[in-house]
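The first residue of the sequence shown is numbered 1, and numbering continues consecutively from there.
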Amino acid sequence: MNEKNSLLAEFEGVVSGHRDGHGFVIRDDGQADIYLPSNEMRAVLHKDRVKARIVRLDRKGRPEGRVTEIVERSEAPIIGRLLQESGVWLVAPEDKRYGQDVLIPKGATGTAKTGQVVVVELTEPPALFGQPVGRVKEVLGEIDDPGMEIEIAVRKYGVPHIFSDLAMAQARALPDHVRAVDHKNRVDLRDVPLVTIDGEDARDFDDAVYCEPAKVGRGKGWRLLVAIADVSHYVQTGSAIDVDAYDRATSVYFPRRVIPMLPEKLSNGLCSLNPGVERLCMVCDMLVNAKGEVHAYQFYPAVMFSHARFTYTEVAAILQNTRGPEAAQRKALVPYLLNLHDVYRALLVARQARGAVDFETTETQIVCDDAGRIEKIIPRTRNDAHKLIEEAMLAANVCSADFISQGKQAGLFRVHEGPTPEKQEILRNYLKAMGVPQTISDNPKPSEFQLIANATKDRPEAQQIHTMLLRSMQQAIYTPVNSGHFGLAFEAYTHFTSPIRRYPDLLVHRVIKAILSQQRYQLPQLPTPGEAHAKLSKRLASRAKPAGDQPAKKPSVDTLAWQAAGLHCSANERRADEASRDVEAWLKCKYMREHLGEEFSGVVSSVTSFGLFVTLDAMYVEGLVHITELGGEFFRFDEARQELRGERTGIRYALGSRVNVQVSRVDLDGRRIDFRLVSGDDDLVLRAMRDKGGVADAGEAKGRQGKPRRAKGGGASSHSPGRQNELSAPSAKEPLPASRKSSGAKKADRGTARSASGKARKSRR
């Protein structure tokens, strides 16, 4: 489309507001967002569906638009604080992207009091010359009430948090324990010493494991059993519990609280593989050879009895010292743990042989007090026990995908495609700019990424390079069309191991059972997909385009139903991640308000045209050093090198640069923490000046770095919402520093939100 036609054409999309008053239209066709100036935002609100026309292009060629039609008003509730100004009641939205206060008529405040957090339902939309009007629908309480940040987040992101009356009635009608009749047509594994291995504060136990030496083919190997809670036995297709579980699609994990996918009677009771009680399970029974290859496998329903509940810390201690006190307390089970460790080492050899992406990064855990406030943020230690369980779960998931494929049934695969051509080019340019001799091919394999990671692990910029490797990857999704898992280097992969907390796993169980009984599983009539589904569907539409001019093959009705289920689960997984990050961001901001004015050392974790994101060494909290805080000179953003460079001094701030900062501002509503650079970086300035042939003494450097000075240029200060990539480190354009994971880089296929119970790595992939 030429420029003239593009200015005449109308485009449909969803409004995304910005806290500074302007906004954007996120186009349905995936093209560049259309900028809406503040005057265009007066008649619309964040999340409204509109038609817009491009009226001009700015000097950088970016489109600016005008709203021509409001297609659909968002029905999302608005959460905010009830205020009274000059006798007028209004609600100031907690999400500043809404941009306008909501007027509340007298008599529409309900029981709410001034200053309380409320949920508002709009009765009149905004107009060019009038504010939106609404009524108080729900009173959440005082802003400082314990857990208020979670109450806000579940409503802000539309997370279902109340089970239907029918679902609760069904749950109450379920038995309290496994009955004798439930043993029918099941393998009896009650005498097999299966054990669970989880985090210290885990409450629901999806999986149990057992391993013994076995002859595999003509050589040595192991028999590995992965027993998974048989949720599908109790949650029937299309039942009230099933409808609620599908609506949620995943459990949502917050610090100190979990919003479960299933009622507690199932998630923590009847389905949880608690020690010392009978439980129904689905088993993946595998023979693994000395090379770590699964030689054979079978699936079957069983009844089991967990012989122990281990923690990761306990198992790691036993594996390190089989004569220590931990081992002495579990003497009868130590041989089975050693068998598990042996098969893990074999599986690890196979992982390395196929070249799966595996970067070691720092991940953190928020420790809260009884009132819900952060006491400290600590790094998570990932030991051999975590890795052992992870490899066992991966093996079972791969067998599940293969079983569905061999059974010629429709089902959901966990698909992770390789990097797009655009991301490949960005990565190649970056590696070249950083002087990395290795690069990726036009059709890269996971082993190429791992090769680069291994080759650069001892370089000072290792963290920086690994971050860029991860950023180049796409997000994983659930889909019935299998195209493999790039990050894990599997030809087929799915999720089987967590049906208590992930709906796709429950569907996989049902398909496996159908194949075992030589039947075909039919999806029920599913509820209408929500906004998250539509948004993700449009974003992924470009992936489904056929190559060349070949028309796409029309999918069957069955395939379309599975695609809808996959998109729904993928979108709600992201919704859960966003809600969890929002709560963590709120907690971190509140935590950092107690440290205003204090100085900390940190490392640059992201570079943008408008400044640096810095992660503090001691607290693992991330904040923004705006470009205006970098000194009185022009800083140019080098996208290839991911750095800001001062034109006069030559000073460079790149990923991995060490800096000293002071906490200068905390915006709780905006989930934003601002830092300023402080003295201590004089050597950096002096070295840069020396490289440019300039002259500077320590006093001059200190004067330049010791206080904030207005920059003469260097990019926009906009903090518009960015999109988090599940399989990468946070985007360099990510605007919410406190809401981003402080690790700065993630494992491939991060999957669902981190469990507060400490299921650190278990089958998240």
Side-chain angles (χ1 to χ4, degrees), residues 18-22 35 38 58-60 62 96 589 592-593 595-616 621-639 641-682 684-686 688-689 692 694 696 700-722 730-740:
H18 188 276
R19 59 182 292 108
D20 289 342
H22 59 267
Y35 172 78
S38 54
D58 68 10
R59 58 187 178 85
K60 292 186 178 180
R62 294 174 299 193
K96 298 306 177 185
C589 284
M592 293 308 294
R593 283 202 307 191
H595 299 279
L596 278 169
E598 295 181 26
E599 297 180 7
F600 302 93
S601 61
V603 63
V604 175
S605 49
S606 185
V607 183
T608 73
S609 60
F610 54 83
L612 314 167
F613 287 105
V614 176
T615 300
L616 304 183
V621 170
E622 192 177 49
L624 174 70
V625 178
H626 195 266
I627 197 164
T628 55
E629 298 283 354
L630 296 181
E633 64 175 305
F634 186 92
F635 278 85
R636 189 174 298 280
F637 176 52
D638 187 332
E639 187 172 11
R641 291 180 174 272
Q642 287 292 296
E643 69 179 20
L644 285 172
R645 181 192 291 264
E647 288 202 342
R648 182 168 62 85
T649 61
I651 189 171
R652 296 182 298 174
Y653 296 101
L655 284 173
S657 295
R658 299 208 58 80
V659 292
N660 293 319
V661 296
Q662 182 185 54
V663 183
S664 61
R665 180 173 176 266
V666 175
D667 179 2
L668 194 60
D669 290 338
R671 312 293 196 267
R672 174 174 155 181
I673 301 168
D674 287 338
F675 298 147
R676 58 178 289 268
L677 288 183
V678 296
S679 58
D681 302 310
D682 303 342
L684 201 61
V685 179
L686 291 170
M689 293 282 286
K692 286 181 67 70
E700 180 187 353
K702 185 172 182 179
R704 185 162 42 245
Q705 292 292 312
K707 60 181 181 178
R709 295 165 68 178
R710 187 174 61 84
K712 297 178 182 177
S717 61
S718 167
H719 299 291
S720 59
S731 163
K733 296 180 181 178
E734 174 63 48
L736 302 175
S739 72
R740 290 141 42 103

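- Without hydrogens or angle criteria, Gln662 side chain to Gly597 main chain gives a donor-acceptor distance under 3.5 Å.
- With Glu633 contributing its side chain and Thr649 its backbone, the two residues share a donor-acceptor pair below 3.5 Å.
- Across every non-hydrogen atom of Arg593 and Val666, the tightest pair is CG-CG1, 3.5 Å.
- Residues meeting the side chain to side chain donor-acceptor pair (under 3.5 Å) test with Ser38, sequence neighbours left out: none.
- The structure places CG of Asp667 at 4.5 Å from CZ of Arg19, a figure rounded to the nearest 0.5 Å.
- Residue Val678 comes nearest to Val661 through the heavy atom pair CG2-N, 3.9 Å, listed as atom of the first residue, atom of the second, then distance.
- Taking each heavy atom of Val663 and Met592 in turn, the nearest pair found is CG2-CE, 3.6 Å.
- For Tyr35, the ring-ring contact (aromatic ring centres under 6.0 Å, His included) partners are His22, Phe24, not counting sequence neighbours.
- Considering only residues two or more places apart in sequence or on other chains, Arg645 meets the side chain to side chain donor-acceptor pair (under 3.5 Å) condition with Glu643.
- In terms of heavy-atom proximity, Tyr653 sits nearest to Leu630 at CE1-CD2, 4.2 Å.
- Residue Thr615 comes nearest to Ser605 through the heavy atom pair OG1-OG, 3.0 Å, listed as atom of the first residue, atom of the second, then distance.
- No option in Leu655, Ile627, Leu644 other than Leu644 meets the side-chain contact (heavy atoms from CB on, under 4.5 Å) test with Leu612.
- Between the CG atom in Asp674 and the NE2 atom in His626 there is a gap of 8.5 Å [rounded to 0.5 Å].
- Atom CZ of residue Phe675 and atom CD of residue Glu622 lie 8.5 Å apart, to the nearest 0.5 angstrom.
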